[in-house]
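What you see below is based on every heavy atom in this structure, not just the backbone, and it leaves out hydrogens, waters and symmetry mates.
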There are 2 protein chains.
Amino acid sequence: MDDYQDYRLFQELSLLLDHADRLVLRQFRLNTLQYNALLLLDTDEGWRLTDLSERLLCERSTVTRLVDYLESEGLIARSPDPGDRRSQRVTLTAAGVARRREAQAAIEEAIGRRFSILNSEEERQLIAMLKRLRTVVSAEIAEIEAASSEASSTPS
Amino acid sequence: MDDYQDYRLFQELSLLLDHADRLVLRQFRLNTLQYNALLLLDTDEGWRLTDLSERLLCERSTVTRLVDYLESEGLIARSPDPGDRRSQRVTLTAAGVARRREAQAAIEEAIGRRFSILNSEEERQLIAMLKRLRTVVSAEIAEIEAASSEASSTPS
DNA sequence: CGCGATTTGTTGCGATTGCAATTGTTGCAA
DNA sequence: TTGCAACAATTGCAATCGCAACAAATCGCG
């Protein structure tokens with residue numbers, strides 16, 4: 001019915017949220033992806049770059065450069081994987097913990113203000129709808145990519 | 001309450017939708033911004049670049065390069081503004097109309113499939129919530145930018 | 001009128017990211 | 001064991017975009 005209105009609104013809100021986040025995170029010398037990476041990391045086991053790329057929905061090469069940056073900022077550390085010399089483990093440093101704490105406080109304060117206009121029931125409904133949409137769109141992407149990779153591997 | 005879950009879901013769905021759109025639009029040699037610009041344009045009056053940038057929520061320089069590209073593809077035409085020699089009017093060419101029609105059919109088909117999992121009542125609720133969020137986030141951005149521009153113009 | 005402020009569009013520059021190609025490593029099968 | 005496919009990470013390259021600086025044109029106020 002009004003699918004297109006949903007879509008346009010969603011798209012516009014995405015742009016606005018990105019922009020707002022960027023303004024908030026700028027003071028911590030982080031962009032959205034870098035911040036999301038810090039949120040995932042901890043000081044113990046560490047993540048492999050490939051796993052980070054899957055979780056962050058970006059390319060492995062992007063994670064390489066993201067880790068380069070966070071390492072140059074002293075926020076994370078690379079260490080070799082004990083069981084596989086191809087892999088590296090990325091862990092938070094003490095400075096990384098501190099930077100993440102500061103940024104997280106600012107972001108969550110902003111998020112709280114934004115979503116405070118929804119009551120609990122609305123939030124519950126929104127979450128349910130977003131989850132269903134996520135499932136559908138993930139399937140759509142998987143289908144397209146399967147079709148294109150099949151086309152390239154089987155040039156019948 | 002679960003503000004943060006809303007936020008993460010929204011962010012993830014944004015990435016997925018962007019990615020899916022890009023896969024659909026790629027066959028028409030368009031990215032999301034270029035497609036959205038084509039949607040706004042028509043063959044009559046034409047838009048000024050500055051107005052396009054405000055509507056598309058991007059910088060004027062981005063519109064300059066976007067218009068450069070669409071012009072090189074033969075989809076739009078620049079013409080001088082009758083009343084202001086600083087301005088230019090951008091209008092769709094016949095090829096632009098055709099390309100837009102093809103891309104729009106593909107995108108709207110995809111959007112229809114994605115949002116078909118919501119019923120009318122859910123769609124109504126989603127639109128209402130997204131509109132309220134848009135208002136809040138727009139205000140947040142305006143506030144931050146007002147504060148920063150004031151700080152730079154009045155370095156008290 | 002005249003001059004400074006504002007507006008429009010452009011360009012230079014840096015940051016970010018996807019994609020393809022490459023290097024080094026691992027695992028599996030002959 | 002050896003050879004080959006799969007995998008981890010990196011690099012080169014191009015596309016995209018925001019921001020700041022800029023030139024030309026317009027506006028507005030004395």
Length of the [atom1]-[atom2] vector between [X] and [N], whole Å:
X: A/Leu25; N: D/dG18; atom1: CG; atom2: P; value: 17 Å
X: B/Glu59; N: C/dC13; atom1: CD; atom2: C1'; value: 14 Å
X: A/Asn36; N: C/dT17; atom1: CG; atom2: C1'; value: 15 Å
X: A/Leu23; N: D/dC17; atom1: CG; atom2: P; value: 18 Å
X: B/Arg26; N: C/dT17; atom1: CZ; atom2: C1'; value: 13 Å
X: B/Asp81; N: D/dA25; atom1: CG; atom2: P; value: 14 Å
X: A/Leu66; N: C/dA15; atom1: CG; atom2: P; value: 15 Å

message = Using a heavy-atom cut-off of 4.0 Å across all strands, would you classify B/Asn31 as base, sugar-phosphate, or nothing?
response =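 Contact class for B/Asn31: sugar-phosphate only.
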task = Tell me what B/Leu33 touches on the nucleic acid: a base, only sugar-phosphate, or nothing, going by heavy atoms under 4.0 Å.
result =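 If one applies the 4.0 Å heavy-atom cut-off, B/Leu33 turns out to touch the sugar-phosphate alone, with no base involved.
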Under 3.5 Å: donor-acceptor pair, side chain of [X], backbone of [Y]:
X: B/Ser79; Y: B/Arg89; answer: yes
X: B/Arg99; Y: B/Leu75; answer: no
X: A/Ser53; Y: A/Val63; answer: no

inquiry  = In this structure, is the centre-to-centre distance between the rings of A/Tyr4 and B/Phe115 below 6.0 Å?
reply    =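 Judged by ring-centre distance (under 6.0 Å), B/Phe115 and A/Tyr4 do not meet the cut-off.
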message = Pick the closest DNA chain C nucleotide for B/Glu54 and for A/Gly83 by heavy atoms, then say which residue is nearer the 5' end.
response =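 The residue closer to the strand's 5' end, by nearest nucleotide, is B/Glu54.
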note = Expected string for nucleotides 4-14 of chain D under the B/S/- scheme (protein heavy atoms, under 4.0 Å, primed atoms plus P, OP1, OP2 as sugar-phosphate) is --BBSBBBBB-
ask   = Mapping A/His19 and B/Leu30 onto DNA chain D by nearest heavy atom, which one lands closer to the 5' end?
value =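 So the residue in question is B/Leu30.
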key: Polar side chain donor-acceptor pair, A/Asp21 to B/Tyr7, under 3.5 angstrom   =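 Side-chain D/A pair, A/Asp21 to B/Tyr7: present.
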ask   = Should A/Leu23 and A/Arg26 be marked as a side-chain contact (heavy atoms from CB on, under 4.5 Å) after you check the CA-CA gap, both sets of side-chain angles, and the distance that decides it?
value = CA-CA 5 Å; A/Leu23 291 176; A/Arg26 178 171 301 172; 4.2 Å; yes
message = Less than 4.0 angstrom from a charged side-chain N to a carboxylate O is my criterion; do A/Arg113 and A/Glu109 meet it?
response =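 Judged by the 4.0 Å cut-off on N to carboxylate O distance, A/Arg113 and A/Glu109 do form a salt bridge.
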